[in-house]
Protein chains: 2
Amino acid sequence: MSMSPAITITNLIWSFDRDLQCVNLLLVRRANAPFEDFWALPETTMRETESADAAALRLVREKIGLKLAGFHTEQLATFTHPNRTPDQRTLSLAYMTFLPEMPPLTAGYGAVDARWFTLHTPDHQYDFENGKFHFTATTINSQSAYYQQLATRKAKPKLALAFDHDWILKVACDRIRNKLDYQPNILLILGDTFTLKEARHIFADFQQISVDEIDNSNFKKNHRNVFSLVGTSSSKRPGRPAKVYRLNDLQTEQDN
Amino acid sequence: MSMSPAITITNLIWSFDRDLQCVNLLLVRRANAPFEDFWALPETTMRETESADAAALRLVREKIGLKLAGFHTEQLATFTHPNRTPDQRTLSLAYMTFLPEMPPLTAGYGAVDARWFTLHTPDHQYDFENGKFHFTATTINSQSAYYQQLATRKAKPKLALAFDHDWILKVACDRIRNKLDYQPNILLILGDTFTLKEARHIFADFQQISVDEIDNSNFKKNHRNVFSLVGTSSSKRPGRPAKVYRLNDLQTEQDN
DNA sequence: TCAATAGTGTCTCTTAGACACTATGAT
DNA sequence: ATCATAGTGTCTAAGAGACACTATTGA
């Protein structure tokens, strides 16, 4: 009677550019229809014997050919609206992965290109930019309103992300922001150790404010339960070298 | 190549017993294999044209034959571990529904019985009880450890919930607890209006403490942004009648 | 008027935020 | 020495928690 819908694993892969002090997101350019040649979040299908979590991790390796020891992946949400795909009904199980470094990318299966897009947040938008391309997480706050406009979205310009990925992106950014103060897993993109300024950079990005608006002294106090001091950095730049911290083990609601 | 797994919608349906001042959860006794005659969370399959959210709402109506105007449903998580079902690989998209009242139940399709189970929290467990039956959310904190023991769980006693439902229950209770202080949607089971004591009852249950350990004065102060005063109750019992409050509109991360 | 229930006021201790000051390194 | 960067100390105001006190009802 009711045909089972197709299932894709969608993975939002984050990293940090230490030179530019910027948050980055991995997008791929699709090789196949639907949305051929559009930029999109990386996706894959689940295999018979693996969990969705495992599929999300496999996706990381396939897209970037990376053999990192361990990286943190967590569930974001599941997207099920009938309008979210133009053709066959498809569910998206969305995950987020926080890479401890920013490796070079090579387009894998199903993609003609794969690039890091840098997060900028001018006037209360989440903007992702790479050269001439830039994509924005939707500013629509209501799920039903979003999918309504998606259904009537004429003449899909290549300037937009495929499917409902600009909605998924919004949900992801909001989630990261909401978790900043009690479980800032996004800081895992800083690798093992980081300076307070680097952490403040990431907080500022997702709170859509400037780094200077976060007082270093207060920031340190407020997160003394989350970070631990491990040493002092040796910088080659003028100024006093910063101390480096590591993220404490965070108790998670749903541990792996 | 890879066969698409089956998909079920699992719904955790909560209500509040005003007489006993207790939180209740809906469980059904399964009519069919697998886990025939076991108690379980209510489940359904998704239809071709509806979103998972809509399916979760339909499930509420089917299970309890209720035509309530509107009740709040939100996504909990998606459970995908290969071991979670004994036979065909099945994903569970889990939702939570907060009913504004506690209607009588009639077992619907796929169930031979449907009952409210009362939440009790002795010594840091989440216990759900109805007469001679009682079920406990797992106390295992790690997902991988849970599914490992599930695979080797011999001689499934009818004292246990079907499938991985004791794990889903744990994730649900933890989530509700974590959201108490900033988005206590669980209070929607109190209906339109409620007394502070009723709210404290629910908080105490999920925090696994006694009501008296939550000071009324402080509780009121701490949640003045979340509740609004609407009037005074007219009780027939001795003692000063309590004032009644309503839950303010909460901004949600992913609005409907 | 008393028991039972519930609401209010207030004191203290902790913490968040603003901001001035000190420390360290490169040139 | 001075600039650039970063870490520390401190004052104040807001908030959390403990707890005593007042208020309103039924019997």
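Chain letters run A, B, ... following the sequence lines, proteins first, then strands; residues in each count from 1. Everything quoted here is computed from the prediction, not taken from an experiment.
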Walking DNA chain C from its 5' end, the first of Asp215(A) and Lys220(B) to be reached, judged by nearest nucleotide, is Lys220(B)
Extract from the structure each pairing of a protein N or O with an N or O of nucleotides 4-6 of chain C at less than 3.5 Å, listing the distance.
residue: dT5(C); atom: O2; partner: Arg240(B); partner atom: N; Å: 3.1
residue: dA6(C); atom: OP2; partner: Lys197(B); partner atom: NZ; Å: 3.1
residue: dA6(C); atom: O4'; partner: Arg240(B); partner atom: O; Å: 3.4

Nearest-Å distance for atom pair CG/C1', residues Leu196(A) and dA23(C) | 16 Å
Please find the earliest and latest nucleotides of DNA chain D, in the 5' to 3' direction, that have an atom within less than 4.0 Å of any heavy atom of chain A.
-> dA4(D) to dG9(D)
Asp53(A) versus Gln75(A), side-chain donor and acceptor atoms under 3.5 Å = no
May I ask you to check whether Phe203(B) and His223(B) place their ring centers less than 6.0 Å from one another?
-> yes
Ring centres under 6.0 angstrom apart (Phe194(A), Phe227(A)) = yes
Assess the pair Phe117(B) and Phe135(B): is the distance between their ring centroids shorter than 6.0 Å?
-> yes
Contacts of Phe206(B) that satisfy ring-ring contact (aromatic ring centres under 6.0 Å, His included) - sequence neighbours left out = Trp14(B)
Test side-chain contact (heavy atoms from CB on, under 4.5 Å) applied to Thr195(A) - qualifying residues, sequence neighbours left out = Lys197(A), Glu198(A), Ala242(A), Val244(A)
Taken in chain and number order and not counting sequence neighbours, the residues that satisfy salt bridge (charged side-chain N to carboxylate O under 4.0 Å, His left out) with Asp164(B) are Arg84(B)
Please confirm whether the backbone N or O of Gln208(B) pairs with a side-chain atom of Thr121(B), one donor and one acceptor, at under 3.5 Å?
-> no
Taking atom types as modelled and ignoring hydrogens, do the side chains of His134(B) and Asp127(B) form a donor-acceptor contact shorter than 3.5 angstrom?
-> yes
Would Glu129(B) and Arg115(B) pass as an ion pair if we require N to O under 4.0 Å?
-> no
Taking only N/O atoms, report every protein-nucleotides 12-16 of chain C pair under 3.5 Å with atom names and distance.
residue: dA16(C); atom: OP2; partner: Asn222(A); partner atom: OD1; Å: 3.3

